[in-house]
Novice: 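The structure's right below; bear with me while I get my questions together.
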Amino acid sequence: DQGNAVHDEL
Amino acid sequence: MNIFRLLGDLAHLASIFILVHKMHTTRSCRGISFKTQALYVLVFLTRYIDLLYTWISLYNFVMKVFFISSSGYILYLMKYRFRPTHDPSLDTFKVEYLVGPCFVLALIFNYRFEVTEILWTFSIYLEAVAIFPQLFMMQRTGEAETITTHYLAALGAYRALYIPNWIYRYFTEGTVDPIAVVAGIVQTGLYLDFFYVYVTKVLQGQKFELPA
């Protein structure tokens with residue numbers, strides 16, 4: 001589930 | 001954080017230092033596309049808007065602030081300090097052709113239909129193609145200064161190194177970010193031609209020249 005995606009990459 | 005991602009980020013940092021170093025030592029921004037650099041500012045501003053409401057890590061925070069500020073600084077150098085050395089007649093790629101479609105794609109293919117999420121997606125798509133004005137400019141002049149090719153090689157290596165990072169993360173964490181992966185593969189693919197000439201010519205001590 002990509003639901004509330006946290007983008008931890010730059 | 002794994003070694004591929006760390007090396008990728010370091011390559012990204014290196015590319016920026018190489019570019020700023022080139023401009024300062026030659027007191028010129030000749031051969032550098034202002035449009036590509038302006039697109040990177042847009043990429044960083046739209047992607048790192050989460051600085052305002054998300055904390056991931058000190059590393060993440062420092063890098064984001066650095067990328068935003070250094071890209072702004074590069075625009076300042078090109079627009080003011082070394083303005084006379086920039087030739088807009090060579091920098092003619094139409095950025096509308098990149099920004100428009102990327103925005104439309106971000107509206108269609110995203111993880112969530114929310115403002116910040118669409119901006120993040122837009123930044124991923126735009127980053128993938130932001131190098132076009134720069135490559136187009138080199139295609140027109142048929143050559144590039146060696147230092148400029150080092151900048152491009154480091155910049156290309158950054159996204160290329162993210163690919164093994166994603167493979168590693170898939171096996172260790174089971175995570176896949178299809179938007180980033182597809183765009184990242186496209187982005188890296190755009191450099192293949194350049195990498196070929198870089199490895200076969202520049203690294204052998206020859207000048208970067210495209211066949212006529």
Side-chain angles (χ1 to χ4, degrees), chain A, chain B residues 1-2 4-6 8-13 16 43-44 46-51 53-57 59-68 109-114 116-121 123-124 127 158-159 161-163 165-166 168-169 173-181 183-184:
Chain A
D1 172 38
Q2 289 286 347
N4 201 357
V6 174
H7 304 301
D8 64 349
E9 293 182 342
L10 292 165
Chain B
M1 174 65 74
N2 57 64
F4 304 111
R5 206 181 126 196
L6 181 64
D9 289 345
L10 292 179
H12 199 183
L13 280 185
I16 290 169
V43 164
F44 294 139
T46 49
R47 186 173 313 166
Y48 300 157
I49 198 159
D50 66 353
L51 275 172
Y53 57 87
T54 304
W55 178 264
I56 293 169
S57 66
Y59 173 86
N60 192 280
F61 176 83
V62 170
M63 294 291 259
K64 284 175 173 171
V65 171
F66 176 82
F67 287 126
I68 292 173
F109 301 104
N110 54 63
Y111 295 136
R112 274 184 163 210
F113 202 79
E114 285 174 0
T116 54
E117 196 57 32
I118 287 164
L119 288 178
W120 177 86
T121 313
S123 83
I124 291 286
E127 185 193 333
Y158 140 68
R159 219 48 177 177
L161 282 160
Y162 261 61
I163 295 172
N165 152 65
W166 291 320
Y168 182 90
R169 292 191 78 171
E173 301 166 33
T175 55
V176 183
D177 185 336
I179 288 177
V181 171

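The model shown is predicted, which means the values in this text are computed figures rather than measured ones. By convention in this document, chain letters (A, B, ...) are assigned in the order of the sequence lines, proteins followed by strands, and residues within each chain are numbered from 1.
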Novice: Report the option among B:W166, B:F44, B:Y158 that has the most heavy-atom pairs separated by less than 4.5 Å from atoms of chain A.
Specialist: B:W166
Novice: Quick one: CG on A:D8 to OG1 on B:T175, what's the gap to the nearest 0.5 Å?
Specialist: 7.5 Å
Novice: Hey, could you give me the NE2/CG distance between B:H12 and A:L10, rounded to the nearest 0.5 Å?
Specialist: 8.5 Å
Novice: How long is the gap from CG on B:D177 to NE2 on A:H7, to the nearest 0.5 Å?
Specialist: 7.0 Å
Novice: Would you kindly say whether B:N60 and A:E9 are connected by a side-chain donor-acceptor distance under 3.5 Å?
Specialist: no
Novice: If you count heavy-atom pairs under 4.5 Å between each of B:M63, B:R5, B:E127 and chain A, which one has the most?
Specialist: B:R5
Novice: Is the CZ atom of B:F61 crowded by more than 12 outside heavy atoms at less than 6.0 Å?
Specialist: no
Novice: For B:F66, is it the side chain, the backbone, both or neither that has a heavy atom under 4.5 Å from a heavy atom of chain A?
Specialist: neither
